[in-house]
Amino acid sequence: MSQIEVAQIIEQIKQEITVDSNGQGKASIRATARLADVQDSSLRRALLSAALQPSALAQSLIQQGFSPAALETWNQGIPDMGVAAVIEYYAFDAGRHCKQQARLVCKAFNRIGVRAWMQDIMGWTKPATQPQEQPSTPALPPVEHRLHTLVLAMKTLAELTGGRLNPYMEQQFKDYAGNLLAEHNRKLLTPSEERWLGVVNFAESKLEKKVPLSGTYYSGHLGTWVRTFYPHLGDRQETRLVNGVQQPIYVYACHEPAVAAGLTKAIEEFFAHPSPGAALRQAGAFSKKAVVTA
């Protein structure tokens, strides 16, 4: 099986793929089975088993966040993210049932993503939208005011809970206060407009992305994605508080427009990709020593 043969299969199943007005794609069970090199009847049975005795494939999909009820509806078409998960399963996680063709398809989709591929072959383009006026961004209050508000918030929470704060929440408060003070002191010692942030901090504070601590799009994979595919953005490390422990993390010069734009592009690609973990594994990213990326 070669990439040329994979391209021929893709051309043959083109008529069984649809993309809605929002750019979200779907493929039939038959088309998905052709891509994964399995029988469509076997794939259909594996999906329908989710509610009673889930097959290994159904269990894998459920663990990734797809509900059993959703899997039962895939008989009418599998969403693009589901197609990616099915192909990745038969490429790497099906044991003796792994398929070489599924690996080739997974490799072909790793950088562009299944959704972008479906949009491309169906000629979908994002509808033009009228530009909207951006509201002015309010300035943050001084550091001392923010710390005072934080202390009052912690005091109120302690009173409401009878002094039994969630340890994780309490540690998050302490980390935030410690890093805020450290940044404030650094600016006093070296007055400048520089702003060095970890990629997770940048994603959450500048792009309003919620970066989870586990799952497909968890914070560790985001940092590895930037270092693997965008190494030119920098390799500076600083020691900062993460979950109450001083750890080295990669920080980026977010005050530089080129770096901020590069981080934004990398983060958007990461969250748009159906399986960033598979892309990183394909690139050999996990053979390197990990560094915290908060």
Hydrophobic cluster membership, Phe202 vs Tyr218, 4.5 Å side-chain cutoff: no

Whether Tyr252 and Tyr250 hold their rings parallel, tilted or perpendicular, with breakpoints at 30° and 60°: parallel

Main-chain N/O of Asn22 paired with Asp20 side-chain donor or acceptor, under 3.5 Å: yes

Note, Pro274 side chain near Asp80 side chain (heavy atom, < 4.5 Å): no

Check residues 26-36 and write down every donor-acceptor pair under 3.5 Å in which the side-chain atom is one partner and the other belongs to a residue at least two apart or another chain.
residue, atom, partner, partner atom, Å
Ser28, OG, Glu16, OE1, 2.5
Ser28, OG, Ala31, N, 3.0
Arg30, NH1, Glu16, OE2, 2.2
Thr32, OG1, Ser28, O, 3.0
Arg34, NH2, Gln12, OE1, 2.6

Side-chain heavy-atom pair Leu197, Ser205 within 4.5 angstrom cut-off: yes

For the student: nearest non-hydrogen atoms of Cys98 and Phe92, plus distance: SG-C, 3.7 Å

Closest heavy-atom pair and its distance - Leu233, Gly262: CD1-C, 3.7 Å

Residues which pass side chain to side chain contact (heavy atoms under 4.5 Å, CB included) with Ala85, listed by chain and number, not counting sequence neighbours: Leu61, Gln64, Phe66

Inter-residue atom distance Thr239.OG1 - Ile249.CD1, 0.5 Å rounding: 9.0 Å

Which residues share a ring-ring contact (aromatic ring centres under 6.0 Å, His included) with Tyr90, sequence neighbours left out: none

ring-ring contact (aromatic ring centres under 6.0 Å, His included) against His255, all qualifying residues, sequence neighbours excluded: Trp196

All pairs passing salt bridge (charged side-chain N to carboxylate O under 4.0 Å, His left out) where residues 272-285 contributes a residue, at least two apart: Glu88-Arg281

Ignoring hydrogens and angles, write down the donor-acceptor pairs under 3.5 Å from the side chains of residues 38-48, residues two or more places apart or on other chains.
residue, atom, partner, partner atom, Å
Ser42, OG, Arg45, NH2, 3.4
Arg44, NE, Asn75, OD1, 2.8

Heavy-atom donor-acceptor pair, Gln282 side chain to Lys107 backbone, under 3.5 Å: no

Residues that Lys209 engages under side chain to side chain contact (heavy atoms under 4.5 Å, CB included), provided they are two or more places apart: Ala203, Leu207, Ile267, Glu268, Phe271

Least distance between heavy atoms, Ile9 atom then Gln101 atom: CD1-OE1, 3.4 Å

Any donor-acceptor pair under 3.5 Å from Ser60 side chain to Ala56 backbone: no

Of all pairs that satisfy salt bridge (charged side-chain N to carboxylate O under 4.0 Å, His left out), the ones with a partner from residues 211-223, not counting sequence neighbours: none

Student check: side-chain heavy atoms of Cys254 and Leu263 closer than 4.5 Å: yes

Pair listing, ring-ring contact (aromatic ring centres under 6.0 Å, His included) test, anchored in residues 37-63, at least two apart: none

For the student: nearest non-hydrogen atoms of Ser55 and Ser49, plus distance: N-OG, 2.9 Å

Nearest atoms (heavy-atom pairs only) where Ala285 meets Thr228: CB-OG1, 3.3 Å

Residue pairs passing the salt bridge (charged side-chain N to carboxylate O under 4.0 Å, His left out) test where at least one lies in residues 211-226, sequence neighbours excluded: none

Residue that, paired with Phe270, satisfies ring-ring contact (aromatic ring centres under 6.0 Å, His included) out of Tyr230, Trp225, Phe229: Trp225

Under the side-chain hydrogen bond (donor to acceptor under 3.5 Å, both in side chains) test, residues paired with Arg103 that sit two or more places apart: none

Considering all heavy atoms, the nearest Ile87-Cys106 contact: CG2-N, 4.1 Å

Results of side chain to side chain contact (heavy atoms under 4.5 Å, CB included) for Glu72 - residues two or more places apart only: Ala51

